[in-house]
Amino acid sequence: MERKELYHRIYLTIQQIPYGKVATYGQIARLAGFPGYARQVGYALHATPDDMDVPWQRVINARGEISLKPTGPYDQVQRQMLEDEGVQFDEHGRVPLKIYQWQP
DNA sequence: GCAGTGACTAGTA
DNA sequence: ATACTAGCCACTG
């Protein structure tokens, strides 16, 4: 699979996540037409140019957690961006998928 | 080309 | 609830 098309479809799928909702890496992979490519979704996001309009903050892991190293700067940024969209974290710092997961 | 890595997941114990 | 495993595949050195 070529990087260009793979990443392109991943970005297009992520752009469909509505404001105030979240999706998991595996979910994005499936919807983009690449089931099992969860890791590649993560890698694509890691390589996302900042000037591209992709709501990367709405992609979290299957347990509702932010999958960035807590030591890094972007972990806090992602949480803040989601909270600004009205997403409420539980007492364990996780997003309740029952409430906020995107249902296409 | 091979081996290790990683914003992952589903399964099992 | 946690821990470990196998599977996954683009990227990197």
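Any value given below was found using the heavy atoms of this structure, including those in side chains, with hydrogens, waters and symmetry copies removed.
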Atom pair distance, as rounded to whole Å: CZ in Arg39(A) and P in dA6(C):
14 Å
When the distance from CD of Gln40(A) to C1' of dC11(C) is rounded to whole Å, what number comes out?
9 Å
Could you state the CG-P distance from Leu31(A) to dC8(B), rounded to the nearest angstrom?
18 Å
Both Tyr43(A) and Arg30(A) contact DNA chain B. Which one's nearest nucleotide lies toward the 5' end?
Tyr43(A)
Give, for atom OH of Tyr25(A) and atom CD of Gln40(A), the distance between the pair rounded to the nearest 0.5 Å.
13.0 Å
Value in whole Å for how far the C1' atom of dT9(B) lies from CD of Gln101(A):
13 Å
Just call it for Arg58(A): base, sugar-phosphate, or nothing, with non-hydrogen atoms closer than 4.0 Å on any strand.
nothing
Using atom OH of Tyr37(A) as one end and atom P of dC8(C) as the other, report the distance to the nearest whole Å.
10 Å
Shared hydrophobic cluster for Ile14(A) and Leu12(A) (ILVMFWY, side-chain gaps under 4.5 Å):
no
If I take atom CZ in residue Arg9(A) and atom P in nucleotide dC9(C), what distance separates them, rounded to the nearest angstrom?
15 Å
Atom CD of residue position Gln76(A) - does it have more than 12 heavy atoms of other residues, nucleotides or ligands inside 6.0 Å?
no
Flag if over 12 foreign heavy atoms under 6.0 Å of CG, Asp53(A):
no
